[in-house]
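Notes for the one structure printed next.
Only this structure's heavy atoms are used, side chains among them; waters, hydrogens and symmetry mates stay out. Residues: numbered from 1 along the sequence shown. Just follow the structure's listing: the first ligand is 1, and inside any ligand the first atom is 1.
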Amino acid sequence: MKPYTGVIPRYREFLPVTKKTPVISLQEGNTPLIFSSRISALLGTRFRVYLKYEGLNPTGSFKDRGMTVAISKAKEQGAKAVICASTGNTSASAAAYGARAGIPCIVVIPEGAIAMGKLAQALIYRAKVIAVKGNFDDALRIVREISSQYPAVLVNSINPFRIEGQKTASFEICDFLGTAPHFHSLPVGNAGNITAYWKGYKEYYSQRKISHLPRMLGFQAHGASPIVRGAPVKKPETVATAIRIGNPASWQGALDAREESQGLIQSVTDQEILAAYEILAHQEGVFVEPASAASVAGLLKISKQGYFEQIAGKEITVSCTLTGHGLKDPQIAIKNIQPPPVVAAETERVAAAAGI
Ligand code: F0G
């Protein structure tokens with residue numbers, strides 16, 4: 001078997017690249033699809049829930065799948081700079097791939113609203129980071145304007161190459177399972193990822209690589225749920241800073257995914273997000289950032305509401321995207337946990353403190 005070298009070589013025939021495209025890669029993709037016996041059991045005996053652990057990408061989020069394509073194409077086109085707005089992960093990824101391509105990267109972020117690990121990444125990869133006194137939606141409006149007036153290529157998911165790269169996650173899930181899941185659950189922020197997954201599933205279906213399509217289940221944070229409410233949210237608020245977005249760029253893509261797949265888009269509260277975040281870490285050993293846990297929180301919520309009761313089938317397979325690594329946001333992880341006890345450096349003291 002050939003060694004794995006990233007999503008472009010792996011899925012080249014599905015991607016808008018040619019022999020002339022310089023491939024800028026950090027060997028992203030090929031992330032594990034982990035069976036979760038605990039979350040399956042919480043849904044019921046018929047369920048098989050798999051976790052697509054996208055936090056194991058090179059910069060710790062799913063954004064790398066799209067960024068390898070977007071930056072490779074920017075390089076091919078001779079871009080002098082790339083620019084993005086971000087709640088953190090896009091900026092980390094753009095900065096890393098920009099560094100690797102030798103293309104300067106400009107990042108516009110909402111001041112004080114991105115997790116520490118993500119800011120550290122953008123800074124160490126030496127992106128030009130600018131914080132604005134506003135939210136993500138303001139930052140996105142500004143980078144759209146800049147990229148239309150100055151020689152800087154926009155690498156937010158409005159850039160279609162991002163969507164192309166991100167759809168490879170669907171391919172991997174189908175290749176791993178040997179079929180499509182019945183449901184696919186994921187968090188929704190700017191709505192690029194749900195758009196990309198749905199595109200990927202549809203392409204595999206039209207190529208007859210799968211014989212059915214999953215229903216797409218998208219979850220927004222309650223305080224940042226414009227698609228659920230049907231109107232933009234002026235001041236989005238949620239503990240899940242990655243999806244703190246009030247006016248998603250790919251709104252229509254998310255609606256299409258919902259309608260065409262006969263799925264749903266709902267919201268989950270911060271409390272529900274943090275409960276799922278804890279279950280994943282404590283019961284499965286899978287550490288994700290809060291936004292990622294929205295996919296599991298949503299599943300548990302609709303299951304309790306009886307959503308799956310009308311669904312026929314002896315076995316129901318659900319894949320669930322965990323979009324980013326927990327180490328991105330260490331502050332939230334330790335926020336509600338007692339700091340460790342400090343004892344004398346003596347065996348008996350340590351044993352006593354450990355309760356053994
Ligand atoms: N989960 C994480 C960890 C994210 O960083 C994002 C988006 C999403 C989910 C939602 O994905 O926007 O495609 O619907 N983060 C963007 C960013 C907005 O700037 O990093 P989406």
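With respect to the salt-bridge test (charged N to carboxylate O, under 4.0 angstrom), the residues Lys63 and Glu54 do not qualify.
Proximity of Leu186 to ligand 1, defined as any heavy-atom pair under 4.0 Å, is not found for any part of the residue. Using a 4.0 Å cut-off between heavy atoms, Ile245 contacts ligand 1 through its side chain alone, with no backbone atom that close.
Looking at ligand 1, you'll find an N or O of Gly189 within less than 3.5 Å of one of its N or O atoms. No N or O atom of Ser91 sits closer than 3.5 Å to an N or O atom of ligand 1. Residue Glu289 places no N or O, backbone or side chain, under 3.5 Å from any N or O of ligand 1. Not a single N or O atom of Ser292, backbone or side chain, sits closer than 3.5 Å to an N or O atom of ligand 1. No N or O atom of Gln166 sits closer than 3.5 Å to an N or O atom of ligand 1. Some N or O of Thr90 is nearer than 3.5 Å to an N or O of ligand 1, by distance alone. For Val188, no nitrogen or oxygen atom sits less than 3.5 Å from a nitrogen or oxygen atom of ligand 1, counting backbone and side chain alike. Taking distance alone, with nitrogen or oxygen atoms compared against 3.5 Å, Pro187 stays at or beyond that limit from ligand 1.
Judged by the 6.0 Å distance and 45° axis criteria, Arg10 is not positioned over the aromatic ring of Tyr4.
In terms of protein heavy-atom proximity, atom 2 (C) of ligand 1 is nearest to Thr323 OG1, 3.3 Å. Closest to atom 13 (O) of ligand 1, if we only count protein heavy atoms, is Asn193 N, 2.8 Å. Closest to atom 5 (O) of ligand 1, if we only count protein heavy atoms, is Asn89 ND2, 2.8 Å. Of the protein's heavy atoms, Ile243 CG2, 3.6 Å lies nearest to atom 8 (C) of ligand 1. At the top of the distance list for atom 4 (C) of ligand 1, counting protein heavy atoms only, stands Ala242 CB, 3.5 Å. Ranking protein heavy atoms by distance to atom 11 (O) of ligand 1, first place goes to Phe62 CZ, 3.5 Å.
In this pair, His212 and His182 present their aromatic rings parallel. The plane angle is below 30°, not in the 30 to 60° band.
Two rings, from Phe171 and Tyr201, have their centers 6.0 Å or more apart. For an aromatic pair to be called close, the ring centres must be under 6.0 Å apart, and Phe47 with Phe308 satisfies this.
In the displayed structure, Gln338 atom CD is contacted under 6.0 Å by at most 12 heavy atoms of other residues, nucleotides or ligands.
Atoms of ligand 1 lying under 4.0 Å from any heavy atom of Ser86, numbered from 1 in the order shown and given with element: 17 (C), 19 (O), 20 (O). Taking every heavy atom of Gly192 and a limit of under 4.0 angstrom, the matching atoms of ligand 1 come to 13 (O), 14 (O), 21 (P). Proximity to Asn190 (heavy-atom distance under 4.0 Å) selects the following atoms of ligand 1: 12 (O), 14 (O), 21 (P).
Counting only N and O atoms by type, the side chains of Asn193 and Gln166 include a donor and acceptor under 3.5 Å apart. For the residue pair Thr321/Tyr197, the side-chain donor-acceptor check at 3.5 Å is satisfied. A side-chain N or O of Tyr11 and one of Asp175 form a donor-acceptor pair less than 3.5 Å apart. Looking at Arg48 and Ser40, their side chains never bring a donor and an acceptor atom within 3.5 Å of each other.
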From CA spacing to verdict: salt bridge (Lys or Arg N to Asp or Glu O under 4.0 Å), Glu76, Lys20: CA-CA 7 Å; Glu76 182 178 358; Lys20 284 194 206 129; over 6 Å; no
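Heavy-atom separations between Lys63 and ligand 1 include at least one value shorter than 4.0 Å. Residue Ser157 places no heavy atom under 4.0 Å from ligand 1.
Considering CZ of Arg141 and CG of Asn135, their distance stands at 9.0 Å, rounded to 0.5 Å.
Looking at Lys52, Lys167, Lys209 one by one, the single match for salt bridge (Lys or Arg N to Asp or Glu O under 4.0 Å) with Glu172 turns out to be Lys52.
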